Peer 1: 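Once you've had a glance at the structure underneath, I'll fire off some questions.
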Amino acid sequence: MSENFDIIVLGLGAMGSATAYQLAKRGAKVLGLDRFAPPHAFGSSHGDTRITRLACGEGADYTPFARRSNEIWRTLEEASGKSLLVQNGLLVISGRGPRAQTHGNADFLQTTIDAAKLHQVPHELLTDADIRRRFPQFQIADGDCGYFEPTGGFLHPEACIAAQLDEAKRFGATLNYGETALSFAASNSGVTVKTAKENYAAGKLVISAGAWLPKFLPASLADAFTIRRQVLCWFRIDDKEPVDRYRPDAFPVFIWQTPRKQTVYGFPWVGTQTPAVKIATEQYETETTADGVERDVPAAEIKEMYETYTGDFFPGVSGDCIKTAVCMYTCVENARFVIDRLPDEQRVIVASPCSGHGFKHSAAIGEAIARLALDGTDAALSPFGWPKRA
């Protein structure tokens with residue numbers, strides 16, 4: 001048995017890196033464990049960019065986390081000297097007739113507007129004519145409308161994770177990479193975590209294992225989570241297009257409730273030498289597992305992504321895909337978060353992977369988990385308890 005720690009953080013992606021940083025900052029003796037070497041491309045926190053937005057169509061409860069996270073990102077930028085947060089604006093588009101659901105919400109645009117009004121988030125409502133005039137890169141239909149949030153934008157997830165882990169180490173955290181956790185056991189006196197290399201003891205445990213979370217839960221709790229494979233494609237900007245129209249200062253991040261099966265979201269040209277835009281969809285039909293997910297993206301899948309969700313909506317973007325990535329959503333019904341103590345195990349806190357919209361909130365959630373672990377309570381997390389069982 002190795003030395004004792006105050007708290008072990010199992011998994012050091014978005015939630016785990018934030019939690020380890022905040023715990024160490026408050027003086028806790030922290031051990032962080034990860035089977036890979038974060039930041040890495042095997043979970044849910046990679047791909048160069050992640051959307052951030054203050055008004056959340058998933059519900060008004062999320063806005064305080066996003067707002068506080070932005071403050072933390074700025075503090076980390078000063079500490080690290082790295083660019084983490086780019087606020088180039090967010091455009092949400094919807095329109096007449098049936099539209100794709102976004103995180104399970106067919107009325108995503110309106111709930112975004114409602115959240116903006118409730119939390120006094122500066123925004124504009126755009127008509128189809130407004131969108132065409134300001135953002136001609138988007139091929140919208142008559143009757144489409146939009147929500148534009150100037151404070152929206154994107155995060156660099158790999159840099160965010162690296163900055164938090166660097167700060168965690170600076171504050172004294174022990175971070176063990178390449179070490180796979182196998183199991184844990186909790187008792188009245190503490191928690192023991194068994195890895196492939198060692199056994200570790202601590203007063204408390206935070207499980208932030210992303211798509212691997214269900215492996216550490218009893219079946220009665222694990223079945224609340226469903227793992228979905230998601231594909232990201234970087235399509236080259238057409239040679240005839242002026243590429244400056246796709247840089248961050250001219251092309252906002254976007255979420256588009258298309259009149260097709262899936263929502264489309266994406267980003268301006270950033271992070272690639274070849275001018276390209278990153279475009280992705282969200283599928284909720286097929287399930288996978290963290291260890292069994294197909295990480296290759298075949299040509300037929302790229303072709304379908306372009307023909308169904310790109311070419312008709314972005315006429316200045318070619319079908320030449322220069323890069324792909326696969327990530328995982330670990331989904332809870334109604335796109336909820338689960339951030340709570342493990343039932344009957346008060347020393348164990350579960351930080352869920354947040355149904356595909358967690359990265360923007362992760363810095364503040366890590367801060368809240370640190371309060372929960374060290375102070376015993378945090379009111380901000382009260383909406384995110386375990387789903388009620390039927």
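A quick note: this is a predicted structure, and the numbers were derived from the prediction, not measured. Hydrogens, waters and symmetry mates are skipped; everything else that's a heavy atom, side chains included, is used.
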Peer 1: Quick test of your reading of the model: are Arg336 and Asp61 salt-bridged, counting only N-O distances below 4.0 Å?
Peer 2: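 Salt bridge: no.
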Peer 1: Using every non-hydrogen atom in the two residues, find where Glu241 and Gly316 come nearest and quote the distance to one decimal.
Peer 2: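 For Glu241 and Gly316, the tightest heavy-atom pair comes out as CG-O, 3.3 Å.
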Peer 1: Would you name the heavy atoms of Ala24 and Ala173 that are closest together and state the gap between them?
Peer 2: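 Nearest heavy atoms, Ala24 then Ala173: CB-CB, 4.0 Å.
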Peer 1: List the atom of Ser69, the atom of Ala364, and the distance in Å for their closest heavy-atom pair.
Peer 2: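 Closest pair (atom of Ser69, atom of Ala364, distance): OG-N, 2.9 Å.
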Peer 1: Does a donor on one side chain sit under 3.5 Å from an acceptor on the other, for Thr272 and Lys323?
Peer 2: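 Looking only at side-chain atoms, Lys323 and Thr272 do not form any donor-acceptor pair under 3.5 Å.
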Peer 1: Using a strict 4.0 Å threshold on nitrogen-to-oxygen distance, state whether Arg74 and Glu78 make a salt bridge.
Peer 2: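 Looking at Arg74 and Glu78, the cut-off is not met.
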Peer 1: Quick test of your reading of the model: are Arg53 and Glu58 salt-bridged, counting only N-O distances below 4.0 Å?
Peer 2: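 Looking at Glu58 together with Arg53, the answer is yes, because their closest N to O distance falls below 4.0 Å.
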Peer 1: Going by ring-ring contact (aromatic ring centres under 6.0 Å, His included), name the pairs with one or both residues in residues 93-117, residues two or more places apart or in two chains.
Peer 2: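 As it turns out, the ring-ring contact (aromatic ring centres under 6.0 Å, His included) pairs with a partner in residues 93-117, which skip direct neighbours, are His103-His357.
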Peer 1: Establish, from distance only, whether the side-chain atoms of Tyr200 and Glu198 form a donor-acceptor pair under 3.5 Å.
Peer 2: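 The criterion, which ignores hydrogens and geometry beyond distance, is not satisfied for Glu198 and Tyr200.
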Peer 1: Okay, side chain of Arg99, backbone of Gln257: is any donor-acceptor separation there less than 3.5 Å?
Peer 2: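 Pair found, side chain donor or acceptor close to backbone of Gln257.
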Peer 1: Keeping the roles fixed (side chain from Asp142, backbone from Asp128), state whether a donor-acceptor pair exists under 3.5 Å.
Peer 2: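 Checking the backbone N and O of Asp128 against the side chain of Asp142, no donor-acceptor pair under 3.5 Å is found.
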Peer 1: Using the ring pair (Phe, Tyr, Trp, His ring centres under 6.0 Å) definition, which of the options Trp256, Phe235, Tyr309 pairs with Phe314?
Peer 2: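 Among the candidates, only Trp256 passes.
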Peer 1: Determine the minimum heavy-atom distance between Ala14 and Gln164, stating which atoms define it.
Peer 2: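 Ala14 and Gln164 have their closest heavy atoms at O-NE2, 4.4 Å.
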Peer 1: Do Tyr306 side-chain atoms and Val317 backbone N/O form a donor-acceptor pair below 3.5 Å?
Peer 2: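 Judged by distance alone, yes, a pair lies under 3.5 Å.
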Peer 1: Which atom pairs, donor and acceptor, lie under 3.5 Å between side-chain atoms of residues 225-233 and protein residues at least two apart or in another chain?
Peer 2:
residue : atom : partner : partner atom : Å
Arg228  : NH1  : Tyr284  : O            : 3.1
Arg228  : NH1  : Thr286  : O            : 3.4
Arg228  : NH2  : Tyr284  : O            : 3.3
Arg229  : NE   : Glu294  : O            : 2.7
Arg229  : NH1  : Glu301  : OE2          : 2.8
Arg229  : NH2  : Asp296  : O            : 3.0
Arg229  : NH2  : Glu301  : OE1          : 3.1
Gln230  : OE1  : Gln283  : N            : 2.9
Gln230  : NE2  : Gln283  : O            : 3.0

Peer 1: Examine the side chains of Thr111 and Asn105 and answer whether a donor and an acceptor come within less than 3.5 Å of each other.
Peer 2: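 Short answer, yes.
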Peer 1: Listing request: all ring-ring contact (aromatic ring centres under 6.0 Å, His included) pairs with a residue in residues 164-186, at least two apart in sequence or in separate chains.
Peer 2: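 Counting only pairs at least two positions apart or across chains, no ring-ring contact (aromatic ring centres under 6.0 Å, His included) contact touches residues 164-186.
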Peer 1: Is it true that a side-chain atom of Arg247 and a backbone atom of Pro268 form a donor plus acceptor pair closer than 3.5 Å?
Peer 2: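 Pair absent, no side-chain N/O of Arg247 close to backbone of Pro268.
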Peer 1: Charged N to carboxylate O under 4.0 angstrom, Asp291 versus Arg35?
Peer 2: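 Looking at Arg35 together with Asp291, the answer is yes, because their closest N to O distance falls below 4.0 Å.
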